[in-house]
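Throughout, residue positions are numbered sequentially from 1 according to the sequence presented.
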Amino acid sequence: PNRLHTTAFHVLAQIMGGDMDSRFFNILREKHGLAYQTGFDFSSVNELGFWNAYAYCDPHDYRACLGLLREILDQVANEGVSESELQLAKNYLCGMHRIEMENVSVQAAMISNLDVLGYEPEFFLDREQRILYFRPVPVIAMETNEGVAEASSGQQGQGEAVGAQPDPGPVAPAATVANPMAFTDH
């Protein structure tokens with residue numbers, strides 16, 4: 001897989017449903033009281049990848065919960081994420097990586113699992129650099145092209161594109177909301 005794209009998607013997963021300050025948690029649990037637990041996961045191996053969004057809720061509330069999940073996904077696909085959401089997610093993921101780096105057993109397990117998948121040890125060791133490599137770019141519409149995979153509602157051919165774009169230089173300070181699926185490297 002394109003390692004920049006998968007890293008960007010892991011950052012997005014943290015923003016959407018990674019912990020108690022994610023969009024899903026804040027809206028579904030804190031604001032509406034519909035879910036006990038929420039999440040957004042992303043996995044990829046070689047050329048394949050998938051994501052899933054979930055909420056543990058009362059069976060009587062599942063339609064309302066599902067509707068809000070879809071609204072949140074649509075909102076992020078159309079309006080993007082803020083600089084502050086991105087920074088919080090990057091800080092959390094980098095902090096977790098630093099904790100992993102303190103434990104030799106965790107390092108060995110992570111590196112051996114990645115080795116089986118064809119990754120070099122540096123893929124784990126350089127994780128923080130890859131996470132910090134991205135920043136949102138203001139995108140109104142991004143054309144699908146080589147090196148860009150589509151993702152929005154999980155169906156190819158719909159929604160905004162996932163991309164790692166070359167750094168065009170500084171982003172105007174007023175552009176605090178960007179397409180969540182478009183990150184630029186720097």
Under the 3.5 angstrom rule, does the side chain of [X] hit a backbone N or O of [Y] as a donor-acceptor pair?
X    : Y    : result
R29  : Y36  : yes
D61  : C57  : no
D115 : I111 : no
R23  : V81  : no

Results of side chain to side chain donor-acceptor pair (under 3.5 Å) for D19 - residues two or more places apart only: Q14
Beyond-backbone contact of S22 with T38, side-chain heavy atoms, under 4.5 angstrom: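 Side chain of S22 against side chain of T38, heavy atoms only: contact under 4.5 Å found.
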Point-to-point distance, once rounded to the nearest 0.5 Å, from [atom1] of [X] to [atom2] of [Y]:
X    : Y    : atom1 : atom2 : result
M110 : L114 : CE    : CG    : 6.0 Å
H32  : N26  : NE2   : CG    : 11.0 Å
D41  : N52  : CG    : CG    : 5.0 Å

Atom of I131, atom of K90 and distance for their closest heavy-atom approach: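 Smallest heavy-atom distance, with atoms named: O-CE, 3.5 Å.
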F24 versus G17, closest heavy-atom pair with distance: CD1-CA, 4.1 Å
Polar contact flag, side-chain donor to acceptor under 3.5 angstrom, Q107-N103: no
Same apolar cluster (I L V M F W Y, side chains within < 4.5 Å links), M16/F25: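 In one cluster: no.
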L88-V11 co-clustered via ILVMFWY side chain contacts under 4.5 Å: no
Mutual orientation of the aromatic rings belonging to H10 and F42 [parallel < 30°, tilted 30-60°, perpendicular > 60°]: perpendicular
